[in-house]
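Just below is one structure, and these are the notes that go with it.
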Amino acid sequence: MADNGIVQTQWSIDNTVFGVLTVLYSLFQAAQADDVQNSAVFAFEALGSSIIVFPGRIDQGITALTAGTGSQEKLRDFMVTIGLSSGGIAHFIRREAPRCVPAFLLVTSLKTFLTDEEIGGVLHEMLILQGLTRKPDLRCSRPQLENVISAISGFSDQIIPTNTVSTLVSALKGAGLDTEAMKQTFGRPRAKELARILSLVFGALQKDDIDFVSLEGIANCVIVASTFLWLNEGEVQLMVGDQVLQATARPRILIRIPKQATKKPETNTAWTIQEWREGFALSTLVVPNLTDSLPGSPALTSFTPACIAKQALAAQYGLDPQQINDVGRLATSLVLVAIERGLVTLENFEPGVAPRECKLQAMCQATFLSNVLNCMECYGWTEEETRGAEEFAAEIREWTETGFPGLEQEQVQEPHPLTQKPLDQITWILRFIERRQATRSGRPARDWGDGVYEAAIYVAAQSVYSSICARFPERRFFKTGAFESIAEAGMHILHWVTRHEGLRDRSDIPRPILKLSRLIDVTTLHAFRCCSIASLLPAAESPNLYGVAAGGVQRQDLAYAVNGYVAWLPQLRTISTSPTDAMAIEIASGYIRTVSSETGQESLQRIQSEEILDDGAPQPPMPLHPFDEFDNYTGVPQFSDKDDLDVKYYLSQTGKVLKLRTFIYRPEGNYHTAVDWLRSVEALAAATHYTNQSLPAFAEQALAKRWQGEQIWSSIGVTAADAVIQQHKPGIPIRLLARTSNDERLRFFFAGRGRVHRIHVRHGDTSVLKCIQQALDGEREKEALGQANFPGVSKVVQPWMDPRIADQVVRPGWLVIL
């Protein structure tokens, strides 16, 4: 045994499968596909040979590496696949290097809390501690080892031990750990110290003269204990104090967790490891400082399994059982209000145009809406624990809909909470509503405390972010709250509670709320989508308050891969103009890989749409006159494309990013009109949709005749999907029908070309006249609250406006997509 107490692993390439030439050639091909170094794979195999794992778990690991084969989406238009492929390092381990499987299983066990990058740090420290980096064949950098982990981590999704973690956390809570002790059970471990614990235990298990090894500590015990409970199933005995939580006849590992935290931080963060034989401790080693105990250090890892979010939040905020139940109830109330009445803002990038608002509910997935009352269930709350949420949600709705009564009596001056940051503002509003409800019902007001409010606001926002996810992976995670993401959640919940359609043209709104409702930092569609991806994707970097993240999720991302998962737009599979499909995202385990006959497969981090737009083909709108020579109404046809238009994609790759340029192609004149995916997504999310809305024949004929007398028909034109959008009749706002019927791709991309205009989308058997009628009524639609007060908005043509569309900016019209 070396001085550090860790068994030095003996390894030689001659004693492995890598000594066979054909195996080395297979490794070379697999490493090339996943962009990893051979020496890093050697090191991974050497590490696997030092890890002792329950035999049945080995079989499970091999199955996991096999089960993903072929489970991928093939996007032929873009020459990429999304998901798990049959090649690469995972395929090589399954076929040629089974001694890598224990290391793969260790990676899997740590994926409950740690990113691939963090796991790479732990495993690299294990290599150093076990003396493996001194061997020339095994020398690899930490990033090189991280690449190996990233190449296989996606295959672990179906076996990540979230159930083991959930059972463990419930057992610890049930054993009576106090609030401070529960807080110590979570945390962000140091790589070197965690590696030392793992190496000491696995090294002891290799010794024939040792009966068992014991571990005692509380810091990060959820990570430490769950790792051994899962990897060494049936050989671990777990105790809290003197209470046995999990017993086994002949334990090889004994884990003892103190029931109470001490007043000395250095004691709480240390672990004691002993080797035992015949009732005597042969050695005792202390691993200090597993968790940073300095003020300001992260209370939790960056994510946890979603099923223990309740316990993680309780630990983070130091909440007792009643308080954490209040968090679930209050969060459910906020979700109900946000989904029922919340608005999301469509930003327009043309100078001078006011933003528009659309209903959040319209873009939510049906599966989310059908279970919204139990939206906290996936985070660990039961239906009983959130009972009563509807009553408080009704109180919030009633207060906002009746003009915020009682607020006019408040003296809102510095440092009143309503003059502070959004999180302070929404917290004060919720307290105000609770006091008002208590007074009306004759009961004492409940002051839940800042921790309850902050935790409820944060988890409510995470739930709302998930409402547009059409497919989740096998294992779901919860992004824990860093300061910036908590502040952003407060801003979004404030927006959804205080801004709603009923505020338009109200004269009885108290000035403080009026000011809040006119905040520029509203929830925009692109920021909401970025937050959704960052919330659901483990290890994804959250965008900041303006929806921008330099290395994380970005607005133009159509697909984004990190930590063995991919968030992507199902529109890449099948284009759809449905409002729920427009904003939908899917989370899949696996990777984005290029498919090329020349270069083979290559991993990507993201697919991005390049934001380039032009005016369109010089094709003027055609007149619309649905009457014959005898002045009889003949109906409005479902105009379809007559110019053989097509959608073409042009791809270019820079590093790990695949750039996508999209054009509507007109064969006549070889004309290409640039379009943008994300503008189409956001335009369709904010559009007005009509599904199977009909008009009786007599009503349609009477309406058509009336419009003929009012000269409405002469102001409406018919345009091609790629044509320049221009006025059909001078002095009249844009009124155009799109010649896109029966071509979903043209419908989709034409929506994004609308730029400043209102979009109306016809679905199914809806009467075209019904769409036109609603569009005409929309010209007189009331503005959103404070819309004209947004900076840069103007109702008259200004010199700084784009002269080509200045008239359209100040007098926006409408487009009906047929």
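Values below: all heavy atoms of this structure, side chains included; hydrogens, waters and symmetry mates excluded.
Distance CD1/I732 to CD/E779: 8.5 Å, rounded to 0.5 Å. Within the model, atoms CD of Q554 and CD of Q608 stand 5.0 Å from one another, a figure rounded to the nearest 0.5 Å. Annotation: the span from C469 atom SG to I587 atom CD1 amounts to 5.0 Å, rounded to 0.5 Å. Considering CH2 of W814 and CG of L737, their distance stands at 6.0 Å, rounded to 0.5 Å. Between the CG atom in L815 and the CG atom in L736 there is a gap of 5.5 Å [rounded to 0.5 Å]. Separating the NE2 atom in H763 from the CD1 atom in I817 is a distance of 8.5 Å, to the nearest 0.5 Å.
Salt-bridge annotation for E682 and R529: absent, with no side-chain N of the basic residue lying under 4.0 Å from a carboxylate O of the acidic one.
Between the side chains of E700 and S767, at least one donor-acceptor pair of N or O atoms lies under 3.5 Å. With no hydrogens or angles considered, no side-chain donor-acceptor pair links R753 and T673 at under 3.5 Å. Of the N and O atoms on the side chains of Y665 and N670, at least one donor lies less than 3.5 Å from an acceptor on the other residue.
Around the NZ atom of K74, the shell of radius 6.0 Å holds no more than 12 heavy atoms that belong to other residues, nucleotides or ligands.
Under a 3.5 Å cut-off, the side chain of H689 and the backbone N or O of L684 do form a donor-acceptor pair. A distance-only check finds a donor-acceptor pair linking the side chain of Q365 to the backbone of T580 [under 3.5 Å]. A side-chain donor-acceptor contact under 3.5 Å links H757 to the backbone of G813. Under a 3.5 Å cut-off, the side chain of T634 and the backbone N or O of P626 do form a donor-acceptor pair. Judged purely by atom type and a 3.5 angstrom limit, S741 has no side-chain atom pairing as donor or acceptor with the backbone of S640. In this structure, T766 contributes its side chain and Y690 its backbone to a donor-acceptor pair below 3.5 Å. In this structure, the side chain of W496 engages the main chain of L343 through a donor-acceptor pair within 3.5 Å. At least one donor-acceptor pair under 3.5 Å links the side chain of K479 to the backbone N or O of A534. Not a single donor-acceptor pair under 3.5 Å links the side chain of K642 to the backbone N or O of R739. Checked by atom type and distance alone, the side chain of D628 pairs as donor or acceptor with a backbone atom of F630 at under 3.5 Å.
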Could you walk me through whether T523 and L360 satisfy the side-chain contact (heavy atoms from CB on, under 4.5 Å) test, starting with their C-alpha distance in whole Å, then the side-chain angles of each, then the deciding distance to 0.1 Å, before giving a yes or no? CA-CA 10 Å; T523 306; L360 175 60; over 6 Å; no
Residues V681, M583; criterion side-chain contact (heavy atoms from CB on, under 4.5 Å); working and verdict: CA-CA 6 Å; V681 164; M583 280 286 285; 3.8 Å; yes
I'd like to know whether L776 forms a side-chain contact (heavy atoms from CB on, under 4.5 Å) with R735, so could you lay out the CA-CA distance, the side-chain angles of the two residues, the decisive distance to 0.1 Å, and finally the verdict. CA-CA 9 Å; L776 290 169; R735 295 173 176 174; 3.8 Å; yes
side-chain contact (heavy atoms from CB on, under 4.5 Å) for Q571 and S680? Distances and angles first, verdict last. CA-CA 11 Å; Q571 300 280 13; S680 291; over 6 Å; no
Where do E744 and T577 land on the side-chain hydrogen bond (donor to acceptor under 3.5 Å, both in side chains) test, with the steps shown first? CA-CA 7 Å; E744 200 72 343; T577 55; 2.8 Å; yes
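Side-chain atoms of Q726 and P621, non-hydrogen and from C-beta on, do get closer than 4.5 Å to each other. F472 places none of its side-chain heavy atoms less than 4.5 Å from the side chain of T367. Within the 4.5 Å cutoff, the side chain of V761 has heavy atoms near those of the R747 side chain. The side-chain heavy atoms of F750 and L818, taken from C-beta on, include no pair separated by under 4.5 Å. Using a 4.5 Å heavy-atom cutoff, the side chains of D614 and V724 are not in contact. The closest side-chain heavy-atom distance from Q556 to S609 is below 4.5 Å. W707 has its side chain out of reach of I716: every pair of non-hydrogen atoms, C-beta onward, lies at least 4.5 Å apart. Between I82 and E586 the shortest side-chain heavy-atom distance does not fall below 4.5 Å.
When all heavy atoms of V464 and F528 are compared, the closest pair comes out as O-CZ, 3.7 Å. Closest approach of R606 to D557, counting heavy atoms only: NH1-OD2, 2.7 Å. The two residues P570 and A584 come nearest to each other via the heavy atoms CD-O, 3.3 Å. Taking all atoms of both residues into account, the shortest heavy-atom contact from L525 to A686 is CD1-CB, 4.3 Å. Closest of all the heavy-atom pairs between L651 and F78 is CD1-O, 3.3 Å. Here the closest non-hydrogen pair linking D765 and N692 is N-OD1, 2.9 Å.
Among pairs with a residue in residues 713-723, those fulfilling salt bridge (charged side-chain N to carboxylate O under 4.0 Å, His left out) read R666-D722, at least two apart in sequence or across chains.
Taking the six-membered ring for Trp and thresholds of 30 and 60 degrees, F749 and W677 have ring planes more than 60 degrees apart, a perpendicular arrangement. Ring geometry for W399 against F404 counts as perpendicular: the plane angle is over 60°, on a 0 to 90° scale with 30° as the lower cut.
With sequence neighbours left out, R762 forms a salt bridge (charged side-chain N to carboxylate O under 4.0 Å, His left out) with no residue at all. Residues satisfying the side chain to side chain donor-acceptor pair (under 3.5 Å) criterion with Q708, sequence neighbours excluded, are D631.
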